[in-house]
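The structure under discussion appears below in the form of structure tokens.
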Amino acid sequence: MEYEDIHTPVLGKEVVNYLNLKPGDTVFEGTLGGAGHTVEIIKAIAPTGKVIGVELDSQAISTATINLKESGLLDSVLIVKDNFSNVTGILKKLSLEKINGFLLDLGLSSMQIEMSERGFSYLKNEALDMRFDLSETIKASDIINEYSEEELKNIFFKFGEERWSGNIARNIVKQRAIAPIEQTGELVDIIKRSIPAKFRFSRKGDPSKRIFQALRIEINGELDNLKKALEDGAEALESGARMVIISYHSLEDRIVKKSFEKLSGKCTCPRGFPECRCGATVKVKIITKKAITASQDEVLRNPRSKSAKMRVLEKV
Ligand SMILES: C[S@@+](CC[C@H](N)C(=O)[O-])C[C@H]1O[C@@H](n2cnc3c(N)ncnc32)[C@H](O)[C@@H]1O
């Protein structure tokens, strides 16, 4: 399998339909990945439109460049190695004030899980790294070997919603006193040992999945990046332009839902406040009252789409 062979965009048709684009538009795709969505978007904005394709992972940028070159679409994309949370700075650098569409397809690509060898999958034994951006210094192994027991427990609980966080953190600290923990396989063994057998495979799935998710969120600052991108991305939209966000777990979806509500003018003051002090103003209209999910057919073709939730807003 080649690196560039394995990216099928999740909810590809729905993304393009909901972005509601026209030829000549400029679209910010903050999660370029293998350029799956970008290719679909270009079809809607060609021949003069442009995609600003933002990505933190230089390996993904190489793949996207190859894919776009092979499809003859590279001239329609401005590839930028940056964090999507820096949407304001990126647009300023390109001397662009407004955009006609904004997309985030959050999380990891299949390429990163299957082929990056950076420890994103709990089903493989690889070095504990999990950085999207290899120029960042903190890896998963640094967190596992250096954070205090309390800090580890809090991360697992907050970002993985793992009930056995305390046991797992305690066993990590015990194990690393013998030798540093460097491989994903070692961490998976500790997680398994920390959970009583009858709770190991609950309805919530494999606990390693939740602990790996928590570490990735912490290392890459994923939730803070998302909050900032939603606010600044909405600000950058032209009136009538749309923002489409695809998330893959409940922590992300909750942030998207709450941010959309706030942008649509919902007051977020604590209940019982005599008057609104949060400064709620109507900046957008929410297009999807309920999140859009993948059809059964898509889930069969692309299992990664199973947990996808897509929400859409429109700038007023
Ligand atoms: C699910 S993949 C995107 C796949 C892409 N939409 C496609 O169709 O090929 C998510 C990508 O976003 C990148 N990413 C995650 N957080 C990012 C951030 N804060 N800024 C820029 N890129 C980010 C990841 O490296 C990954 O390649």
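Both counts, for ligands and for their atoms, begin at 1 and track the order of listing.
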**Prompt:** Short list, please: which atoms of ligand 1 are under 4.0 Å from a heavy atom of G30?
**Reply:** 21 (C), 22 (N)

**Message:** Looking at ligand 1, is there an atom of it that comes within less than 4.0 Å of some heavy atom belonging to I246?
**Reply:** no

**Prompt:** Do any nitrogen or oxygen atoms of G34 lie less than 3.5 angstrom from nitrogen or oxygen atoms of ligand 1?
**Reply:** yes

**Message:** Tell me whether E114 contacts the main-chain N or O of S110 through its side chain, where contact means a donor paired with an acceptor under 3.5 Å.
**Reply:** no

**Request:** Could you tell me whether ligand 1 has any atom less than 4.0 Å away from a heavy atom of S85?
**Result:** no

**Request:** Only heavy atoms count here, so choose which of E55, Q59, R216, R304 is nearest to atom 14 (N) of ligand 1.
**Result:** E55

**Message:** Do D297 and S295 pair up side chain to side chain, a donor and an acceptor below 3.5 Å, judged on atom types alone?
**Reply:** no

**Item:** Same apolar cluster (I L V M F W Y, side chains within < 4.5 Å links), L187/L123
**Value:** yes

**Prompt:** Is L223 reachable from I155 through a run of hydrophobic residues whose side-chain heavy atoms are each under 4.5 Å from the next?
**Reply:** yes

**Request:** State if R131 counts as touching ligand 1 under the rule of any non-hydrogen atom under 4.0 Å.
**Result:** no

**Message:** If the test is ring pair (Phe, Tyr, Trp, His ring centres under 6.0 Å), which one of F28, Y18, F84 qualifies with F102?
**Reply:** F28

**Message:** Tell me whether R301 is salt-bridged to E298, with the criterion being a basic N under 4.0 Å from an acidic carboxylate O.
**Reply:** no

**Asked** Just checking, is any N or O donor in the side chain of E29 or T31 under 3.5 Å from an acceptor N or O on the other one?
**Response** yes

**Request:** Pick one of side chain, backbone, both or neither for how D82 approaches ligand 1, counting any non-hydrogen atom pair under 4.0 Å.
**Result:** backbone

**Prompt:** Which is it for L108 and ligand 1 at heavy atoms under 4.0 Å: side chain, backbone, both or neither?
**Reply:** backbone

**Asked** Which of the atoms in ligand 1, numbered in the order shown and given with their element, are less than 4.0 Å from a heavy-atom of E29?
**Response** 6 (N)

**Message:** Could you work out, for atom 2 (S) of ligand 1, the closest of L226, D105, D133 by heavy-atom distance?
**Reply:** D105

**Asked** Does D25 come within less than 4.0 Å of K22, counting only side-chain N to carboxylate O?
**Response** yes

**Prompt:** Under 4.0 Å from any heavy atom of G36, which atoms of ligand 1 are there?
**Reply:** 7 (C), 8 (O), 9 (O)

**Request:** List every atom of ligand 1 that sits less than 4.0 Å from any heavy atom of D57, numbering the atoms from 1 in the order shown and giving each element.
**Result:** 25 (O)

**Prompt:** Between F84 and ligand 1, which residue portion shows a heavy-atom distance shorter than 4.0 Å: side chain, backbone, both, or neither?
**Reply:** both

**Asked** Taking 4.0 angstrom as the limit, do R254 and E161 come out as a salt bridge?
**Response** yes

**Message:** Heavy-atom pairs closer than 4.0 Å: do any link ligand 1 to the side chain of K81, the backbone, both, or neither?
**Reply:** neither

**Request:** Flag Y248 as yes when one of its N or O atoms lies below 3.5 Å from any N or O atom of ligand 1, and as no otherwise.
**Result:** no

**Message:** Would L106 count as a contact residue for ligand 1, given that I'm defining contact as a non-hydrogen atom of the residue lying under 4.0 Å from a ligand atom?
**Reply:** yes

**Side-chain donor or acceptor of D189 paired with backbone N/O of E186 under 3.5 Å** = no

Throw together a table of side-chain donor-acceptor distances under 3.5 angstrom for residues 208-218, partners on residues two or more places apart or in other chains.
from	atom 1	to	atom 2	distance (Å)
S208	OG	D206	OD1	3.4
R210	NE	E162	OE1	2.8
R210	NH1	K204	O	2.9
R210	NH1	G205	O	3.3
R210	NH2	E162	OE1	2.8
Q213	NE2	F159	O	2.9
R216	NE	E222	OE2	2.9
R216	NH2	E222	OE1	2.9
E218	OE2	Y147	OH	2.9

**Message:** Using a 4.0 Å cutoff against the non-hydrogen atoms of L32, which atoms of ligand 1 qualify?
**Reply:** 5 (C), 7 (C), 9 (O)

**Electrostatic pair K98-E238, nearest N-O below 4.0 angstrom** = no

**Asked** Which part of L103 is near ligand 1, with near meaning a heavy atom under 4.0 Å away: side chain, backbone, both or neither?
**Response** neither

Pair up each side-chain donor or acceptor in residues 272-282 with any protein partner under 3.5 Å, not counting sequence neighbours, and list the distances.
none

**Complete:** N225 heavy atoms within 4.0 Å reach ligand 1 at atoms 19 (N)

**Whether E222 lies under 4.0 Å from ligand 1, heavy atom** = no

**Message:** Residue-level breakdown please: for Q112 versus ligand 1, do any non-hydrogen atoms fall below 4.0 Å on the side chain, on the backbone, on both, or on neither?
**Reply:** side chain

